[in-house]
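Index from 1, following the sequence.
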Amino acid sequence: MRAALAGDLDVIEEAASFAIENLKEARDPEVFMRDIHGKADFRLTGLPANMPKQKEILPPVSTPAAPNSMPNLVGQMAEPVIDLLACINLEGVDHCLNFLGARLDALGLDRRELGDFFFTVLRSGVTPDVRGDASRPGSRITSQSPSPGTPVEPLTVMTLVVV
């Protein structure tokens, strides 16, 4: 079977080369072999009906994070994170993203995802506890509770330490 299919590939290559060089006389590989090479009974190899079928390869299923899973804020610039948190505590996500605009460019996270997270947890009664001065130039978040990836339960305290 392998040898027959390799021979078919050679015929296909030869027919394609002939077609490039002789555009007006181009033919399908089987017709090429019959008309140009004079092999009246030539047929490409047929595949047997019992050929194994390739299994469908599905992309890995990634489970999206729950909307209340704590992102990793450690190392982030404190001011844009705290500004977004404070704004969303009072307003909606779209308003805060528009209002803060370019100030959010320093975020190392997707601003929409972070805004949606803050909205979800704050509306569930989570209390933010920011320790340190986020307005000091260059300040960063050095620790957080709950830890990254942990679901933030309603009515808990979310602590961010800023240095």
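Among all heavy-atom pairs drawn from Phe99 and Cys87, the shortest one is CD2-SG, 4.4 Å. The nearest pair of heavy atoms linking Thr45 to Ala4 is OG1-CB, 3.4 Å.
Within the 3.5 Å criterion, the main-chain N or O of Val31 finds no donor-acceptor partner in the side chain of Asp28. Put simply, the side chain of Glu79 never gets that close to the backbone of Ser135: no donor and acceptor are under 3.5 Å apart. No donor-acceptor pair closer than 3.5 Å links the side chain of Gln76 to the backbone N or O of Arg140.
Counting only residues at least two apart or in different chains, salt bridge (charged side-chain N to carboxylate O under 4.0 Å, His left out) contacts with residues 40-49 comprise Glu30-Arg43. For residues 1-27, the set of pairs meeting the salt bridge (charged side-chain N to carboxylate O under 4.0 Å, His left out) definition, not counting sequence neighbours, comprises Arg27-Asp35.
Residue Leu109 is not grouped with residue Met77 when hydrophobic side chains (ILVMFWY) are merged at heavy-atom distances under 4.5 angstrom, including chains of intermediate members. Taking hydrophobic clusters as Ile, Leu, Val, Met, Phe, Trp and Tyr residues chained together by side-chain heavy-atom distances below 4.5 Å, Met33 does not share a cluster with Ile12. Placement of Ile82 and Met70 within a single hydrophobic cluster is found when ILVMFWY residues are connected by side-chain heavy-atom separations under 4.5 Å, directly or transitively.
A 4.5 Å side-chain heavy-atom check between Leu104 and Arg112 finds every atom pair outside the cut-off.
Residues near Val74 contribute nothing to a hydrophobic cluster around it, because no ILVMFWY side-chain heavy atom sits closer than 4.5 Å to its side chain.
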### Task
Kindly indicate, with the supporting measurements, whether the criterion side chain to side chain contact (heavy atoms under 4.5 Å, CB included) is fulfilled by Val126 and Asn68.
CA-CA 11 Å; Val126 167; Asn68 66 334; over 6 Å; no
### Task
Begin from the C-alpha positions of Asp129 and Arg131 and carry the test salt bridge (charged side-chain N to carboxylate O under 4.0 Å, His left out) through to its verdict.
CA-CA 6 Å; Asp129 178 21; Arg131 298 179 184 173; 2.9 Å; yes
### Query
When you look at Val81 and Phe118, which way does the side chain to side chain contact (heavy atoms under 4.5 Å, CB included) test go after all the steps?
CA-CA 10 Å; Val81 172; Phe118 285 154; 3.9 Å; yes
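Checked against side-chain contact (heavy atoms from CB on, under 4.5 Å), Asn89 has the following partners two or more places apart in sequence or in another chain: Leu122.
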Could you go through residues 150-163 and list every donor-acceptor pair under 3.5 Å that involves a side-chain atom there, pairing it with any protein atom two or more places apart or in another chain?
from   : atom 1 : to     : atom 2 : distance (Å)
Thr150 : OG1    : Ser147 : O      : 3.1
Thr150 : OG1    : Ser147 : OG     : 2.9
Thr156 : OG1    : Glu153 : O      : 2.8

Enumerate, atom names and distances included, each donor-acceptor pair closer than 3.5 Å involving a side-chain atom of residues 46-56, sequence neighbours excluded.
none

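The residues Asp116 and Arg111 are annotated as not salt-bridged, no charged nitrogen and carboxylate oxygen being separated by less than 4.0 angstrom.
No more than 12 heavy atoms of other residues, nucleotides or ligands sit less than 6.0 Å from atom CD1 of Ile57.
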